[in-house]
There are 2 protein chains.
Amino acid sequence: MKELSPSLEDYLEAVYTLSRPEGFARASRVSALLKVSKPSVSAAMRTLGARGLVDQQRYACIRLTPAGLKAGAEIAGRHSLLKDFFTAILGLEEKKAEQDACRAEHALSREALLRLGRLSLFLKARPRGALLAAARTCVRGRTCK
Amino acid sequence: MKELSPSLEDYLEAVYTLSRPEGFARASRVSALLKVSKPSVSAAMRTLGARGLVDQQRYACIRLTPAGLKAGAEIAGRHSLLKDFFTAILGLEEKKAEQDACRAEHALSREALLRLGRLSLFLKARPRGALLAAARTCVRGRTCK
DNA sequence: TGATTAAGTTAGTCAAGACTAACTTTAGCA
DNA sequence: TGCTAAAGTTAGTCTTGACTAACTTAATCA
């Protein structure tokens with residue numbers, strides 16, 4: 001099982017996300033979501049197909065294989081963990097958090113993400129949110145005593 | 001001023017780091033540090049030279065221009081901020097922290113890094129390190145109450 | 001001072017990942 | 001049912017960033 005490139009992870013994540021409602025994705029939706037040309041999607045699907053992550057028949061809907069579903073869920077999980085950290089802990093604006101999560105999700109190790117998630121939980125779990133509020137205020141650069 | 005690619009940022013950071021002691025860097029040291037062939041360094045230096053970040057004469061030492069020094073310092077700063085966060089807050093092992101910092105330093109926005117730095121400070125500044133210790137224990141996955 | 005070795009460059013190749021233009025298939029409707 | 005528009009694919013190109021092999025320049029030491 002070779003590692004997926006950041007680019008292929010993005011495609012897989014897009015397929016995963018778009019598949020949620022109906023169980024399949026269309027290449028044109030992937031193309032629109034990732035802001036990438038249709039031929040690029042086509043090529044990427046061929047690669048993901050060759051790796052056994054999507055089930056691709058010519059001109060048909062894109063469906064994830066069980067392995068693809070698992071991998072897609074993992075990537076989407078990394079994304080939402082990071083986005084949550086960026087908004088809930090660092091207080092980044094929604095759009096910015098989304099962008100940062102998109103890029104950082106390919107960069108951090110499993111271990112770092114796991115611990116970052118725990119840190120999030122820890123900070124959110126303090127009594128009555130007092131600590132989190134203090135941390136967030138600090139992080140926003142207002143007061144930090 | 002166009003954005004540098006992750007790859008070019010790595011080269012610039014390496015030149016910056018290697019320049020610290022003596023004021024210049026050698027292509028062979030860069031090659032060894034980044035684990036990349038000498039021709040790759042050569043090509044990268046030509047690009048950085050064209051962007052006005054290094055002062056490159058054929059067969060000579062590599063020196064940063066003032067702009068290159070500024071950009072290099074910024075990249076190195078991002079790196080050390082992240083590495084510190086990964087070790088001091090998340091408790092990652094040194095080597096792992098280094099690897100994660102290398103990759104994440106190209107992915108996070110200025111804003112996110114700024115806030116991450118403040119979060120580090122905040123967590124380290126709590127009285128007698130009690131909070132930090134608790135956070136770190138939690139992040140390591142032992143207890144988290 | 002000249003030969004040898006280390007450092008650096010050039011030339012040529014490759015793969016990934018993007019694009020456009022042009023073609024094919026599918027699907028929907030008159 | 002057949003035509004048309006949308007969806008998807010193929011073919012061909014480009015850029016980036018890496019590599020090896022072979023060459024050139026610089027530096028060192030006998």
Side-chain angles (χ1 to χ4, degrees), chain A residues 1-15 18-19 21-64 68 71 75 102-103 105-107, chain B residues 1-15 17-19 21-64 68 71 75 99 102-103 105-107:
Chain A
M1 266 306 172
K2 241 174 49 188
E3 286 261 302
L4 288 179
S5 66
S7 167
L8 288 177
E9 284 193 349
D10 283 336
Y11 283 107
L12 187 60
E13 187 185 359
V15 171
L18 294 170
S19 295
E22 310 185 88
F24 62 86
R26 309 303 315 244
S28 52
R29 303 289 313 279
V30 175
S31 161
L33 182 61
L34 297 181
K35 293 185 176 63
V36 122
S37 73
K38 291 189 294 166
S40 298
V41 176
S42 217
M45 291 310 114
R46 204 174 318 122
T47 306
L48 292 177
R51 301 239 195 147
L53 298 172
V54 307
D55 194 12
Q56 173 76 326
Q57 338 240 39
R58 285 184 29 139
Y59 300 104
C61 298
I62 303 162
R63 287 171 196 282
L64 291 169
I75 297 165
C102 272
R103 308 223 291 149
E105 76 190 37
H106 308 297
Chain B
M1 262 310 171
K2 243 174 48 188
E3 285 261 301
L4 287 179
S5 67
S7 167
L8 288 176
E9 284 192 350
D10 283 336
Y11 283 106
L12 187 59
E13 186 184 359
V15 171
T17 305
L18 294 169
S19 294
E22 308 184 89
F24 63 87
R26 308 305 314 244
S28 53
R29 302 290 314 279
V30 175
S31 161
L33 181 61
L34 297 181
K35 294 186 175 61
V36 123
S37 72
K38 291 189 294 165
S40 297
V41 177
S42 217
M45 291 310 115
R46 204 173 318 122
T47 306
L48 292 178
R51 300 241 195 147
L53 298 171
V54 306
D55 194 13
Q56 172 77 325
Q57 339 238 41
R58 287 183 29 138
Y59 300 103
C61 297
I62 302 163
R63 288 172 196 281
L64 292 168
I75 298 166
Q99 288 175 350
C102 273
R103 309 224 289 149
E105 76 191 35
H106 308 297

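So that the names make sense, note that chain A is the first sequence line, chain B the second, and so on, each numbered from 1.
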Query - Integer-rounded Å distance: C:dT25 P and A:Arg26 CZ - result: 16 Å
Query raised in the report: Whole Å only: how far is the CG atom of A:Leu33 from the P atom of D:dA7?
Result: 15 Å
Requested in this report: Spell out, as yes or no, whether a donor-acceptor pair under 3.5 Å connects the side chain of A:Ser42 to the backbone of A:Lys38.
Outcome: no
Report summary line: Looking only at heavy atoms, the pair that brings A:Arg26 and A:Tyr59 closest together is NH2-O, 4.4 Å
Report task. Would you indicate which nucleotide in D:dG17, D:dA18, D:dG8 comes nearest to any side-chain atom of B:Leu8? Result -> D:dG17
Report task. Return the value, rounded to whole Å, for the distance between atom CZ of B:Arg51 and atom P of D:dT16. Result -> 8 Å
Query raised in the report: Does B:Ser42 put a side-chain nitrogen or oxygen below 4.0 Å from OP1 or OP2 of C:dT10?
Result: no
Query - Phosphate contact (D:dA18 OP1 or OP2) by B:Tyr11 side-chain N/O below 4.0 Å - result: yes
Query raised in the report: Does B:Ser40 have a side-chain nitrogen or oxygen under 4.0 Å from the phosphate oxygens OP1 or OP2 of D:dG17?
Result: no
Query raised in the report: Does OP1 or OP2 of D:dC19 have a side-chain N or O of B:Ser37 closer than 4.0 Å?
Result: yes
Query raised in the report: To the nearest Å, how far apart are B:Met45 CE and D:dA18 P?
Result: 10 Å
Report summary line: Comparing A:Arg58 with A:Thr47, nearest DNA chain C nucleotide closer to 5' gives the residue A:Thr47
Query raised in the report: For A:Lys38 and D:dA6, what is the distance between atoms NZ and P respectively, to the nearest whole Å?
Result: 10 Å
Query raised in the report: Rounded to the nearest Å, what distance is computed from the CD atom of residue A:Gln56 to the C1' atom of nucleotide D:dT10?
Result: 14 Å
Query raised in the report: Between D:dA7, C:dA21, D:dG17, which nucleotide has the shortest distance from any of its atoms to the side chain of A:Pro39?
Result: C:dA21
Requested in this report: Specify the separation, in whole Å, of atom CD1 of A:Ile62 and atom P of D:dG8.
Outcome: 7 Å
Query raised in the report: Contact class for A:Val36 (heavy atom, under 4.0 Å): base, sugar-phosphate, or nothing?
Result: sugar-phosphate
Query raised in the report: Can you find a heavy atom in the side chain of B:Leu48 that is under 4.5 Å from one in the side chain of B:Gln56?
Result: no
Report task. Among D:dT9, C:dT10, C:dA7, find the nucleotide with the atom closest to the side chain of B:Arg46. Result -> C:dT10
**Report entry** Smallest separation among heavy atoms of A:Leu18 and A:Ala25, with atom names
**Finding:** CB-CB, 3.9 Å
Requested in this report: Would you please confirm or rule out a distance under 4.0 Å between OP1 or OP2 of D:dA18 and any side-chain N or O of B:Ser7?
Outcome: yes
Requested in this report: Using atom OH of B:Tyr59 as one end and atom C1' of D:dT25 as the other, report the distance to the nearest whole Å.
Outcome: 5 Å
**Report entry** Considering all heavy atoms, the nearest A:Arg103-B:His106 contact
**Finding:** NH2-O, 3.4 Å
